K.L.:
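First the structure, then my questions, so here it is.
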Amino acid sequence: MTRRSCGALRAGDTGAAVELCGWVHRRRDHGGLIFVDLRDRDGLTQIVFNPQQDAFRNAERLRAEDVVRVQGTVRARPAGTENEKLATGSIELAVDSLEVLNRSLVPPFQINVDENVDEGLRLEYRYLDLRRPRMQRNLTIRHRIIKAMRDFFDSREFIEIETPLLIKGTPEGARDYLVPSRLYPGHFYALPQSPQILKQICMISGFGRYMQIARCLRDEDLRADRQPEFTQLDVEMSFSTQDEVLETMESCMRYVWKRVLERELPPFPHLRFAEVFERYGTDKPDLRFGLELVNVSDVFASTEFAVFKSAIEGGGTVVAVRYPGGAALSRRDFDTLTEHAKSVGAKGMVWISLGAEGIKSSAQRFVSEDDAREIAQRAGAERGDALLLFADARDAALAAAGKMRVEVARRSGLCRDDEFAFCWITEFPYLEIDAETGKPAPAHHPFTAPMEDEWDLVERDPLRMRAQHYDMVLNGYELGSGSIRIHKPERQRRIFEMLGMTQEEIEAQFGFFIRALEYGAPPHGGMALGIDRIAMLACGEENLHEVIAFPKTQTARDLMMDAPAPATEKQLRELHLRPQPRG
RNA sequence: GGCGCUGUAGCUCAGUUGGUUUAGAGCGCCGCCCUGUCACGGCGGAGGUCGUGGGUUCGAGCCCCAUCAGCGUCGCCA
């Protein structure tokens with residue numbers, strides 16, 4: 001008598017005496033004959049109870065999600081009763097003995113039906129939600145992805161080093177999660193937003209090639225693709241060029257896709273930041289489809305259309321997006337689309353419809369047929385398509401058009417979840433203007449090295465500096481970013497100074513790190529990729545909830561455990577904390 | 001913090017312009033019947049403070065205000 005899984009038995013096992021353990025997925029009680037689909041992580045097996053057996057009486061009382069152990073004999077199903085939908089569908093288990101290991105209450109939602117259940121209910125009863133085939137499959141794929149990553153880096157002689165969770169906050173990033181210190185009143189650990197500094201220190205320590213499947217935490221608002229607690233593939237390499245880091249990470253993804261999804265990935269295209277924003281209105285373009293943005297300001301250079309005229313005279317831009325098949329839309333549809341455009345930041349939207357019975361536009365008086373043809377030609381639009389036009393300051397127009405490009409593609413069915421368009425974005429600006437303060441701030445983190453031949457710009461023209469920084473993008477999602485780091489202490493100091501930090505601030509926040517650089521820090525660089533997002537896309541999902549066992553709600557709560565929860569008076573006393581009323 | 005969507009039976013949903021007495025359907029649940037089903041089938045049954053609190057009205061599931069929760073999104077996320 002050997003125990004087998006519920007997905008394992010095949011015709012070749014006929015005659016074998018086996019034991020199965022699992023959950024009652026579904027019971028079909030024919031009165032004189034009872035079928036039960038028994039489920040475990042591996043699949044379903046039909047088990048059969050005959051009234052001649054003692055087990056039959058207990059089988060009549062089985063209900064969904066009861067846990068049982070059964071023993072019996074594998075037999076071929078009678079001819080004509082095989083189930084092609086099941087991997088085990090050619091056999092069944094004739095049960096001799098049944099042991100009910102535990103009963104289940106009637107579940108609040110059905111595990112054996114694939115229907116959309118309220119997200120709050122799923123999360124409150126996550127242990128039941130996780131029993132469903134979709135979540136079992138997704139978490140298994142996630143496991144395989146992580147396993148493949150570890151194997152890949154192991155084969156290249158990286159070693160995994162664990163870095164601590166209780167560390168010191170490094171400001172200028174996202175909001176830190178803080179942990180109060182019991183031993184030092186008023187002092188706090190910060191939970192890592194990433195192991196950035198620690199992995200750089202591992203390079204200084206001579207480990208050469210580091211990787212870690214690292215948990216990271218950021219106390220910012222959530223999105224479908226953003227959780228406060230997430231996992232990243234963290235990598236750092238000494239003596240490596242940017243090209244070597246890119247090759248390593250790209251090879252890793254190619255290996256993962258091959259091993260987990262059995263898919264060959266083509267080489268990832270490289271796009272420069274300046275170019276990608278012009279063409280796609282974003283630094284994380286979805287390259288599963290074309291629909292590149294087209295600058296048509298010159299077409300309207302002498303327009304009397306006030307909206308375009310004022311934008312162009314103010315130094316702005318008119319950007320066009322092609323909408324394949326968009327001529328089929330009604331005016332009402334275009335109105336809805338315009339509202340959507342406004343909600344993603346557009347000032348407004350002008351549409352041109354290239355219908356069979358002629359060209360129509362929401363700005364009919366100001367868009368001549370020749371103009372429409374010219375724009376259509378540049379955007380690659382044909383009869384039956386529509387064109388969407390956005391006028392604003394250059395970056396704003398491009399950004400809005402870029403978001404509408406994705407919306408249009410989505411509506412046109414161009415976003416297939418089984419297509420994977422990776423790319424690299426390179427040559428990012430080193431600084432960007434902070435919208436709030438109006439001051440230059442690092443576009444990424446201050447450990448990033450500028451382009452090697454642009455160090456002289458630090459004093460002369462810092463806004464023109466470009467960074468040795470790179471992003472990996474997949475289907476419009478930023479998977480992660482990396483950079484060649486600064487390894488010379490005096491240069492690191494210069495960057496902090498350029499960012500306006502005083503010597504005291506530098507010492508207090510990063511003194512330990514600059515000191516580390518002073519003891520023979522090797523040149524190094526690396527990258528971090530969001531494993532949750534990778535798993536999400538690999539699974540064809542659109543929300544991180546589907547690939548994280550115990551995710552937080554949009555308001556950062558755990559509905560199953562009901563966290564966060566108030567601390568006891570004693571705990572607060574020990575931590576020297578006194579909660580303030582919300583103000 | 002802003003905007004939007006959703007909230008009706010255990011689950012998924014329908015519910016017309018504010019007015020069919022008793023708010024419906026499918027699944028699930030409970031009982032009975034059924035020896036080849038696999039979304040088993042047949043018969044019968046139970047199950048609802050319409051998220052919560054106010055308000056408008058002769059009358060509210062439906063309209064208004066507030067609030068809570070879930071989701072999406074903007075801000076934010078070096």
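Since we're looking at a predicted model, the values are computed, not measured. Lettering of chains follows the sequences in order, A, B, ..., and the numbering in each one begins at 1.
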K.L.:
Please step through side-chain hydrogen bond (donor to acceptor under 3.5 Å, both in side chains) for the pair A/Tyr210 and A/Asp234, ending with a clear verdict.
P.N.:
CA-CA 8 Å; A/Tyr210 146 98; A/Asp234 202 40; 2.8 Å; yes
K.L.:
Searching all strands shown, indicate the nucleotide that pairs with B/G53 (Watson-Crick or G-U wobble; both distances under 3.5 Å).
P.N.:
B/C65
K.L.:
Show your working on ring pair (Phe, Tyr, Trp, His ring centres under 6.0 Å) between A/Phe447 and A/Phe510 and close with a plain yes or no.
P.N.:
CA-CA 11 Å; A/Phe447 314 112; A/Phe510 300 113; 5.6 Å; yes
K.L.:
Testing A/Arg10, A/Arg28, A/Arg75 for salt bridge (charged side-chain N to carboxylate O under 4.0 Å, His left out) with A/Glu92, which one passes?
P.N.:
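Exactly one pass, corresponding to A/Arg75.
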K.L.:
In terms of the nearest nucleotide of RNA chain B, which residue is placed more toward the 5' end: A/Val106 or A/Thr81?
P.N.:
A/Val106
K.L.:
What N/O pairs connect the protein and nucleotides 10-13 of chain B at under 3.5 Å? Give each pair on its own line.
P.N.:
unit_1, atom_1, unit_2, atom_2, d
B/G10, O2', A/Pro108, O, 2.6
B/C11, O4', A/Pro108, O, 3.3
B/C11, O2', A/Glu115, OE2, 2.7
B/U12, OP1, A/Asp118, N, 2.5
B/U12, O4', A/Glu115, OE1, 3.4

K.L.:
Taking atom P in both B/G7 and B/A14, what distance in whole Å separates the two?
P.N.:
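Going atom to atom, P in each nucleotide, I get 7 Å.
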K.L.:
P atom, B/G24 versus B/G48: distance in rounded Å?
P.N.:
13 Å
K.L.:
Base, sugar-phosphate, or nothing for A/Ile34, non-hydrogen atoms under 4.0 angstrom?
P.N.:
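Result for A/Ile34 = nothing.
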K.L.:
Name all residues meeting the ring-ring contact (aromatic ring centres under 6.0 Å, His included) criterion together with A/Phe35; count only those two or more places apart in sequence or in a different chain, and write none if there are none.
P.N.:
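Here the qualifying residues are A/His30.
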K.L.:
Write down the distance separating the C1' atoms in B/A23 and B/C5, rounded off to the nearest Å.
P.N.:
24 Å
K.L.:
Taking side-chain contact (heavy atoms from CB on, under 4.5 Å) as the test, write out the residues that go with A/Glu452, two or more places apart.
P.N.:
A/Trp455, A/Gln468, A/Arg491
K.L.:
Taking any strand in view, what nucleotide pairs with B/G72 in a Watson-Crick or G-U wobble way, both distances under 3.5 Å?
P.N.:
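Checking every strand shown, B/G72 finds its partner in B/C3, with both distances under 3.5 Å.
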K.L.:
Starting from the 5' end of RNA chain B, give me the residue, A/Asn50 or A/Gln196, whose nearest nucleotide shows up first.
P.N.:
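The residue whose closest nucleotide sits nearer the 5' end is A/Asn50.
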K.L.:
Yes or no on salt bridge (charged side-chain N to carboxylate O under 4.0 Å, His left out) for A/Glu119 and A/Arg122, after CA distance, side-chain angles and deciding distance?
P.N.:
CA-CA 5 Å; A/Glu119 193 66 20; A/Arg122 290 180 64 191; 3.3 Å; yes
K.L.:
What N/O pairs connect the protein and nucleotides 40-42 of chain B at under 3.5 Å? Give each pair on its own line.
P.N.:
unit_1, atom_1, unit_2, atom_2, d
B/C40, OP1, A/Arg26, NE, 3.4
B/C40, OP2, A/Arg26, NE, 3.2
B/C40, OP2, A/Arg28, NH1, 3.4
B/C40, N4, A/Asp29, O, 2.4

K.L.:
Side chain of A/Arg77, heavy atoms from C-beta onward: which of B/C77, B/G31, B/C38 has the nearest atom to it?
P.N.:
B/C38
K.L.:
Counting the atoms with a prime plus P, OP1 and OP2 as sugar-phosphate, which does A/Thr555 contact under 4.0 Å by heavy atoms, base, sugar-phosphate, or nothing?
P.N.:
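Sugar-phosphate contact only - A/Thr555 comes under 4.0 Å of backbone atoms but never of a base.
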K.L.:
Tell me, please, which residues at least two apart from A/Pro429 pass side-chain contact (heavy atoms from CB on, under 4.5 Å).
P.N.:
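Scan of A/Pro429 (side-chain contact (heavy atoms from CB on, under 4.5 Å), adjacent residues dropped) gives A/Phe273.
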K.L.:
Is there a Watson-Crick or G-U wobble partner for B/U12 with both distances under 3.5 Å, and which nucleotide is it?
P.N.:
B/A25
K.L.:
In Watson-Crick or G-U wobble terms, both distances under 3.5 Å, what is the partner of B/G31?
P.N.:
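B/C43 - that is the nucleotide pairing with B/G31, both distances being under 3.5 Å.
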K.L.:
Do the side chains of A/Lys284 and A/Glu478 get close enough for a salt bridge, i.e. N-O under 4.0 angstrom?
P.N.:
no
K.L.:
Looking at B/G36, which nucleotide sits across from it as a Watson-Crick or G-U wobble partner, both distances under 3.5 angstrom, or is there none?
P.N.:
none
K.L.:
Run the salt bridge (charged side-chain N to carboxylate O under 4.0 Å, His left out) check on A/Arg466 and A/Glu427 step by step: do they pass?
P.N.:
CA-CA 6 Å; A/Arg466 288 169 305 157; A/Glu427 297 185 32; 2.7 Å; yes
K.L.:
Among side-chain atoms of A/Gln200 and A/Gln196, is any donor-acceptor pair under 3.5 angstrom?
P.N.:
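On atom types as modelled, these side chains qualify, holding a pair under 3.5 Å.
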K.L.:
Answer with base, sugar-phosphate or nothing: what part of the nucleic acid does A/Arg122 contact at a heavy-atom distance below 4.0 Å?
P.N.:
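Nothing: the residue A/Arg122, judged by heavy atoms under 4.0 Å, touches no strand.
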K.L.:
Check A/Thr448 against A/Ser483 and note the closest heavy-atom contact, atom names and distance.
P.N.:
OG1-OG, 3.3 Å
K.L.:
Base, sugar-phosphate or nothing for A/Glu65? Non-hydrogen atoms, less than 4.0 Å.
P.N.:
nothing
K.L.:
Quick one: A/Asp66 CG to B/G28 C1', roughly how many Å, whole number?
P.N.:
15 Å
K.L.:
Check A/Asn83, A/Thr45, A/Leu86, A/Asp13 against A/Ile91 for a side-chain contact (heavy atoms from CB on, under 4.5 Å) and give me the one that passes.
P.N.:
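For A/Ile91, the side-chain contact (heavy atoms from CB on, under 4.5 Å) check succeeds only for A/Thr45.
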K.L.:
Residues of residues 214-234 of chain A with any non-hydrogen atom less than 4.0 angstrom from an atom of RNA chain B: list those, numerically ordered, please.
P.N.:
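Close to the strand are A/Arg218, A/Glu220, A/Asp221, A/Arg223, A/Ala224, A/Arg226.
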K.L.:
Considering only the P atoms, how many Å lie between B/C29 and B/C40, rounded to the nearest integer?
P.N.:
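10 Å, rounded to whole Å.
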